[in-house]
Structure formats: structure tokens, C-alpha cells
Colleague: 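Please find one structure pasted underneath; my questions will follow.
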Amino acid sequence: MKRFRLPVLFVLFSVTAFAQGADINNFIVKESLLKNQKLAVIATDSLGNPMEHIKGVYTFTVSGFKHELNFNDGVAVLPMQLERSAFVYVKHKNMNGTHSRLLYVYENDGALNPFTISSFWLVMFPVIIVLIALAFRKFIIFAVVILLIYIYFNHSNGLSLSTFFETVFDGLKSIF
């Protein structure tokens, strides 16, 4: 019986030593404190308060590229630098589901200002333009021009069609 207890205890202690402290279910993205054109991911609770006990390596997908982010005191810095304003889609999967944010990062005088974009408004803007065009036939050409500008702006700033639909579907999943 003693022979059996020692290996079981060894396995139990080794499993708990490699487990991560907590899951990241909410996060916010801000400019890194070093002001080096990088973004920082901050783990938060459901109320938006930083969770400083988060430490370890977590996998995030940033604009389609998988990154292993090393969290220390609830903060991790994304490895990529932004040279200009762009859309950034940050996604994290864990046992509790998929958690994602679509951001428009506005670069102004070397400072990055991230703005979170709701998937609701991402879809509603083109729908409203189409409804106005259908209601007032005189505005069809104007609506087509506005939609083409919208598509060009999204595409030129890094929001591809696949990321657009992924954002919309993740938003719909979070509602249900």
C-alpha cells in the first residue's frame, strides 16, 4: 500500500504544479506602458477590474496569428508593433468558451488609442444604409458609394472579410 501512495502523491503534486492559476474570461486591450507601439492585454473580471493574480502563458489569436502571451500580474504585451491605425481582432479560447474583442487602434503622434467595436454596430451600419437606399430610391447611388467606402476602409485597415464574419458570429454566439 505504501508503494502505491508515493507515486500517486508524486503525480498529484506534479499536476497541480503545472496548472494555470485561473481562466481569462474577460480582458481589455490598452497601449503598453512603455509607449513602444505595442498593445497590452489586461485580464479583468466581469466588472472590468484587473485580475493581478493571473500569471503564466495563455494562447491568444491576434488578427489571425496565434501568440503565446506571458501574463505577469494580469498583464501581457503583444509581440507585434503597430505602425499605423488598424483593426485588431483579439481572441482567447478556454474551457468556458471563446472570448474576443474587435478593436480599432487609432495611431496619433506615436500614441495608440484602442476603441472597442461592437459586432452589433459592425453589422447595423451597412443594414441601415441599405434600408435607407431601399426606402428612398434617389439615394441608391449614394448608398452604394458609402458601402464601397465602408468596405475599402475596413479592408485597407486590416479587417478582412473572414475576420468581419468571425466577429459577427462570435458576437451572435455571445448573445445566445
Side-chain angles (χ1 to χ4, degrees), residues 11-125 150 153-176:
V11 169
L12 183 65
F13 287 128
S14 65
V15 168
T16 58
F18 292 110
Q20 290 179 340
D23 286 336
I24 298 175
N25 294 325
N26 294 309
F27 59 89
I28 56 175
V29 179
K30 292 191 174 190
E31 182 180 16
S32 173
L33 291 175
L34 299 175
K35 304 281 185 186
N36 56 356
Q37 301 294 66
K38 292 185 179 182
L39 296 172
V41 178
I42 302 168
T44 62
D45 59 9
S46 60
L47 299 175
N49 301 322
M51 296 186 341
E52 296 178 355
H53 65 276
I54 300 290
K55 291 179 180 19
V57 177
Y58 292 85
T59 303
F60 277 76
T61 304
V62 181
S63 297
F65 297 102
K66 192 175 277 191
H67 294 284
E68 300 288 329
L69 299 183
N70 188 13
F71 278 82
N72 192 13
D73 295 330
V75 179
V77 177
L78 292 174
M80 59 185 203
Q81 284 185 316
L82 292 175
E83 296 179 5
R84 62 182 182 91
S85 300
F87 284 99
V88 178
Y89 184 62
V90 182
K91 181 169 72 169
H92 174 63
K93 267 187 186 176
N94 60 16
M95 299 295 280
N96 296 329
T98 301
H99 313 284
S100 61
R101 300 275 184 275
L102 178 65
L103 306 152
Y104 182 71
V105 182
Y106 178 68
E107 191 269 330
N108 185 18
D109 295 331
L112 300 177
N113 300 315
F115 299 102
T116 303
I117 299 174
S118 171
S119 60
F120 175 76
W121 289 112
L122 196 63
V123 172
M124 287 309 295
F125 180 74
Y150 179 72
F153 176 77
N154 288 346
H155 183 70
S156 67
N157 285 314
L159 184 63
S160 65
L161 199 58
S162 63
T163 305
F164 178 85
F165 285 117
E166 187 176 0
T167 303
V168 170
F169 290 133
D170 283 344
L172 289 174
K173 280 194 264 183
S174 68
I175 291 173
F176 300 109

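Hydrogens, waters and symmetry mates play no part in the numbers below; they use all other heavy atoms, side chains included. What you see is a predicted model, and the numbers here were worked out from it, not measured in a lab.
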Colleague: Could you tabulate the donor-acceptor pairs under 3.5 Å formed by side-chain atoms of residues 103-119, not counting sequence neighbours?
Modeller:
{"residue": "Glu107", "atom": "OE2", "partner": "Gly110", "partner atom": "N", "Å": "3.0"}
{"residue": "Ser118", "atom": "OG", "partner": "Phe120", "partner atom": "N", "Å": "3.2"}

Colleague: Looking at every heavy atom in both His92 and Phe27, which two are closest together, and how far apart are they?
Modeller: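 Looks like CB-CE2, 4.3 Å.
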Colleague: Could you give the distance from CG (Leu82) to CD (Gln37), rounded to the nearest 0.5 Å?
Modeller: 7.5 Å
Colleague: So which heavy atom on Met80 is nearest to which on Val88, and how close?
Modeller: CE-CG1, 4.3 Å
Colleague: Measure the CG-CD1 distance between Leu39 and Ile28 for me, rounded to the nearest 0.5 Å.
Modeller: 12.0 Å
Colleague: With distance as the sole test, does Asp23 use its side chain to make a donor-acceptor pair with the main-chain N or O of Asn25 at under 3.5 Å?
Modeller: no
Colleague: Check whether any side-chain heavy atom of Asn26 sits under 4.5 Å from a side-chain heavy atom of Met51, and report yes or no.
Modeller: no
Colleague: Which side-chain N or O atoms in residues 156-164 pair as donor and acceptor under 3.5 Å with protein atoms at least two apart or in another chain?
Modeller:
{"residue": "Ser156", "atom": "OG", "partner": "Tyr152", "partner atom": "O", "Å": "3.0"}
{"residue": "Ser156", "atom": "OG", "partner": "Phe153", "partner atom": "O", "Å": "3.3"}
{"residue": "Asn157", "atom": "OD1", "partner": "Arg84", "partner atom": "NH1", "Å": "3.3"}
{"residue": "Asn157", "atom": "ND2", "partner": "Phe153", "partner atom": "O", "Å": "3.2"}
{"residue": "Ser160", "atom": "OG", "partner": "Ser162", "partner atom": "OG", "Å": "3.2"}
{"residue": "Ser160", "atom": "OG", "partner": "Thr163", "partner atom": "N", "Å": "3.4"}
{"residue": "Ser160", "atom": "OG", "partner": "Thr163", "partner atom": "OG1", "Å": "3.1"}

Colleague: Count the heavy atoms belonging to other residues, nucleotides or ligands that lie under 6.0 Å from CD of Glu52, then report whether that count exceeds 12.
Modeller: no
Colleague: Closest heavy-atom contact between Asn94 and Ile24?
Modeller: ND2-O, 2.9 Å
Colleague: Would you say Ile42 and Lys30 make side-chain contact, with heavy atoms under 4.5 Å?
Modeller: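 They are in side-chain contact.
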Colleague: Name the atoms and distances for all side-chain donor-acceptor pairs under 3.5 Å in residues 60-77, with sequence neighbours left out.
Modeller:
{"residue": "Ser63", "atom": "OG", "partner": "Tyr89", "partner atom": "N", "Å": "3.3"}
{"residue": "Glu68", "atom": "OE1", "partner": "Thr59", "partner atom": "OG1", "Å": "3.1"}
{"residue": "Glu68", "atom": "OE2", "partner": "Thr59", "partner atom": "OG1", "Å": "2.9"}
{"residue": "Asp73", "atom": "OD1", "partner": "Lys55", "partner atom": "NZ", "Å": "2.7"}

Colleague: With sequence neighbours excluded, what pairs up with Glu31 under the side-chain hydrogen bond (donor to acceptor under 3.5 Å, both in side chains) test?
Modeller: Lys35
Colleague: Would you please name every residue forming a side chain to side chain contact (heavy atoms under 4.5 Å, CB included) with Leu33, sequence neighbours left out?
Modeller: none
Colleague: Could you check whether the rings of Phe125 and Tyr150 sit parallel, tilted or perpendicular, using 30° and 60° as the cut-offs?
Modeller: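 Ring orientation of Phe125 relative to Tyr150: tilted.
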Colleague: Could I get the full list of ring pair (Phe, Tyr, Trp, His ring centres under 6.0 Å) partners for Phe165, not counting sequence neighbours?
Modeller: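 Testing Phe165 for ring pair (Phe, Tyr, Trp, His ring centres under 6.0 Å), a comparison that skips the adjacent residues, returns none.
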